[in-house]
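Lettering follows sequence order; numbering is per chain, from 1.
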There are 2 protein chains.
Amino acid sequence: MTHPQLEVLRRNIPGLRLEADPAELEHYGRDWTRRWTPAPLAIALPADVEQVQAVVRWAGANSVAIVPSGGRTGLSGGAVAANGELVLSLARMNRVLGFDPIDRTLTVQPGITLQAVHEAAAGHGLAYPVDFAARGSCSIGGNIATNAGGIRVLRHGNTREWIAGLKLVTGTGELLDLGRGLVKNSSGYDLRHLAIGSEGTLGVVVEATLKLADPPPPTQVMLLALPSFGVLMEVFAELRRRLRLEAFEFFTDRALHHVLAHGGQAPFSDVHPYYVVAEFAMRGEADEVAMLAAFEHCTERAWVADGVIAQGEAQAAQLWRLREGITESLARHAPYKNDVSVRVSAMPAFLAEAQALLGREYPEFDVVWFGHVGDGNLHINVLRPGGMDGAEFVGRCEQVTRLLAETLQRHGGSISAEHGIGLVKKPWLPSTRSEAEIEVMRGIRRVLDPRGIMNPGKLFDP
Amino acid sequence: MTHPQLEVLRRNIPGLRLEADPAELEHYGRDWTRRWTPAPLAIALPADVEQVQAVVRWAGANSVAIVPSGGRTGLSGGAVAANGELVLSLARMNRVLGFDPIDRTLTVQPGITLQAVHEAAAGHGLAYPVDFAARGSCSIGGNIATNAGGIRVLRHGNTREWIAGLKLVTGTGELLDLGRGLVKNSSGYDLRHLAIGSEGTLGVVVEATLKLADPPPPTQVMLLALPSFGVLMEVFAELRRRLRLEAFEFFTDRALHHVLAHGGQAPFSDVHPYYVVAEFAMRGEADEVAMLAAFEHCTERAWVADGVIAQGEAQAAQLWRLREGITESLARHAPYKNDVSVRVSAMPAFLAEAQALLGREYPEFDVVWFGHVGDGNLHINVLRPGGMDGAEFVGRCEQVTRLLAETLQRHGGSISAEHGIGLVKKPWLPSTRSEAEIEVMRGIRRVLDPRGIMNPGKLFDP
């Protein structure tokens, strides 16, 4: 409690929890990037919206920077507090506030985990269709701040599509009630969409009203082994044409290698360069026939070298673990991550160039690829070789990212598909957004956060 | 050509068409509201993006206000030029620029009509699912500027959901390329969504990349007669539960009266207070069974007094005309229009209050209701009694709108569901958006249009 004004804050907001133990500072000051040394001033854990507003107003009056904090599962450093910021954790605000069966919406506090949202929706016979592997740890507020994507975007879109309303405490402590669950509302600028994906730089999301969907249809999960990258788009097009795809995820043999090393069962006796996990709706016999026809079409053309169709839920979950286990299996190698996207139509040309680039620049590194083909989204994980210094490794990787960003720019792509810009990708934001766009974003940030206290240093500099 | 600087503009941009004939000023200076006397300075009809930028820069340098202009089918005065503005008509920029079968996108210039977009999509075996009666006259740029809704929102959402990218010339003449067709892009603020629904106050949309959908399934159209308003939500819930609803539109007997007076065939021998046009997917025998079960369920409970199921496309079109012909049939009565929305769950309570209010305040006026129940969107048309002065009539109606806005505010609704705010609803914007929100919107407008030349006076004052 080194800051004298913290005592004022504590006194003025009796219900506010304030933590400054070194272990807490360490815990709350970092996210999954593990690149920066946590050094927050303190951790504030408000119990309600009024306390959030009071904290933000205190921060403005005392020129203290705020880092909004959810599950800190981010991979871009958006929730890192390494410069004496006050971490504003929404962990205590994690309840379901309401459900409306006619609007089919669930209203929640921002600190609730994605998994708890799934469970609450299922309890009402409905579904919240955004999903990804960090579901048990990430918070819905963080999902909104990065417009999180995941494994169901192909069918259901990003987080953005599922936010019927949100409440935002801006950098001046004002509470804005945006969208308010209206299906139709043409009354000026949609500030809700402005807040979604703003990475805590325009304010703190303190409540969200989520749209819910029908529960998913029964699905079938298939794992396919592909002989080359060239056929991936063909397989995708064939499956999309015949089936209602819910997911279409690819990964390389290097990725599978790490998952299996981490514990797991090899799906095929042979090794293949590429694999696909596909999930699709099974609404009756016609879908069964279509699935077999698609599989036959792909094997006849030698697009698919081997395949397995899950027999039951347990095997489906097992096949999914081969894909979902990748990030966890790589964690101990402290991988350097790229999370890039292009238009789906630009995938083949971009990939050819990117693979050549990475092969040339990283000849001795273990590079693990996986991604969401149907969304044009690729994840590239470069593993740190044993014995190489962390800073040297990141430096090497950043040089390659600069080249990759140039390639992306030529293909009209994005340096961040779904992880956000944060600290990690800030240097390459101009490869995706023009100077004129960044200047407009700067201006907008000043409007909502005139004192520059909301997550400063993230996304772009003033 | 009274403005001396217009000559400079003409000289500097040789390809620009400039019109100043009184007939053209009259034609381009107004929209479907017909409440203001057109008085633009001139009409500029650029041929390409560069000309739009040059016009905007000229306007900035000469402090001339610009009114962006599409099909001018708007109902809120957003495209009215009554104060010496330069109308910037996108009528010449009306081509399809490209189609991508893998991304399933259509790239178009802003002046293209909605109907031409439908036709272009159909030509590629796909569909652009936003639709409404003005399809033949309205432009896609105007649709984007108001986030237009229409009759398919229930299934497909508003215009916003279908914009994969757009190019915007801001008030400084900068060209921003927003979204760029990427499915996933978490790289800072989504300025594309900020532009959608901004009614020409942040810039001019000069290109749009539209997402396309699978062609609609075969559908069935049904007209139902309802004995009271109370059962409307019951019928909606029952049909939504059993069928895949594509549209669910209601209108009153007064609305039907005007359509029939305008030419049309009475669907039922008896008169009923309320009618519904419902359209739903017919994918096989199961849907047939579900339709009959739903119909039986509704008639057994006396929720439906009479009904007709279209036999073939011609009759389906005929039933739709009873709903789609309303606006046109009322036009000669110069109706005063409200276009309001609430959450679907708030419909019954709001409606009861609104009906009581309008019955009390408009005892002698002919009030025609219709709307999109599944979107929580009601259209209220008050017809001008013969002999009443136009200004007096509007004055009376605006007093009632003030009361209606208070009712809406209590129910968390919007004073503009899909027509935009423009000039018509500007006085009531604070019933829907808080002062803090409007202040943020003002700030954002200054960022994108620092000289205040983009559609000044519309939406809100500086």
Rounded distance (nearest 0.5 Å) linking atom [atom1] of [X] with atom [atom2] of [Y]:
| X | Y | atom1 | atom2 | value |
| --- | --- | --- | --- | --- |
| A:Ile415 | B:Ser187 | CD1 | OG | 9.5 Å |
| B:Ser341 | A:Leu182 | OG | CG | 4.5 Å |
| B:His411 | A:Arg180 | NE2 | CZ | 13.0 Å |
| A:Ser434 | B:Asp177 | OG | CG | 8.0 Å |

Closer than 3.5 angstrom, by distance alone: can the side chain of A:Ser416 be matched with the main-chain N or O of B:Ser186 as a donor-acceptor pair? yes
Could you check whether any side-chain N or O of A:Arg343 sits under 3.5 Å from a backbone N or O of B:Ile102, counting only pairs where one atom can act as donor and the other as acceptor?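 Absent.
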For the residue pair B:His193 and A:His193, categorise the inter-ring angle as parallel (less than 30°), tilted (30 to 60°) or perpendicular (more than 60°).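 Parallel: the ring planes of B:His193 and A:His193 meet at under 30°.
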Among [options], which residue forms the greatest number of heavy-atom pairs with chain A at distances under 4.5 Å?
| options | value |
| --- | --- |
| B:Leu202, B:Ile438, B:Thr201 | B:Leu202 |
| B:Leu429, B:Leu191, B:Thr146, B:Leu194 | B:Leu191 |
| B:His419, B:Arg442, B:Arg433 | B:Arg433 |
| B:Glu439, B:Arg240, B:Lys425, B:Met233 | B:Arg240 |
| B:Gly412, B:Gly422, B:Gly197, B:Gly188 | B:Gly188 |

Part of [X] within contact of chain A (heavy atom distance under 4.5 Å):
| X | answer |
| --- | --- |
| B:Leu459 | side chain |
| B:Glu437 | both |
| B:Leu448 | side chain |
| B:Asp339 | neither |

For chain B, which of [options] has the most heavy-atom pairs under 4.5 Å?
| options | result |
| --- | --- |
| A:Arg160, A:Arg104, A:Glu418, A:Glu161 | A:Arg160 |
| A:Gly413, A:Ser345, A:Gly443 | A:Ser345 |
| A:Asp103, A:Ile421, A:Val447, A:Asp100 | A:Asp103 |

Measure distances from [X] to the heavy atoms of chain B and classify the residue's part below 4.5 Å as side chain, backbone, both or neither.
| X | answer |
| --- | --- |
| A:Glu174 | side chain |
| A:Asn158 | side chain |
| A:Phe236 | neither |
| A:Val344 | both |

A:Arg242 atom CZ, neighbour heavy-atom count above 12 within 6.0 Å: yes
Would A:Tyr189 and B:Arg445 count as a side-chain contact (heavy atoms from CB on, under 4.5 Å) if you check the C-alpha gap in whole Å, the side-chain angles of each, and the deciding distance to 0.1 Å? CA-CA 9 Å; A:Tyr189 313 154; B:Arg445 188 169 179 170; 3.5 Å; yes
Test A:Val183 against every option in B:Asp375, B:Val342, B:Leu154 by the side-chain contact (heavy atoms from CB on, under 4.5 Å) rule and name the one that passes.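 The side-chain contact (heavy atoms from CB on, under 4.5 Å) with A:Val183 is passed solely by B:Asp375 among B:Asp375, B:Val342, B:Leu154.
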Given side-chain contact (heavy atoms from CB on, under 4.5 Å), test A:Val440 with B:Ile444 step by step and report yes or no. CA-CA 9 Å; A:Val440 168; B:Ile444 291 173; over 6 Å; no
Identify the two heavy atoms, one from A:Asn377 and one from B:Lys184, that lie closest to each other, and give their separation to 0.1 Å. OD1-NZ, 3.0 Å
Any side-chain heavy-atom pair of A:Asn147 and B:Asn185 under 4.5 Å: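 A side-chain contact under 4.5 Å is absent here.
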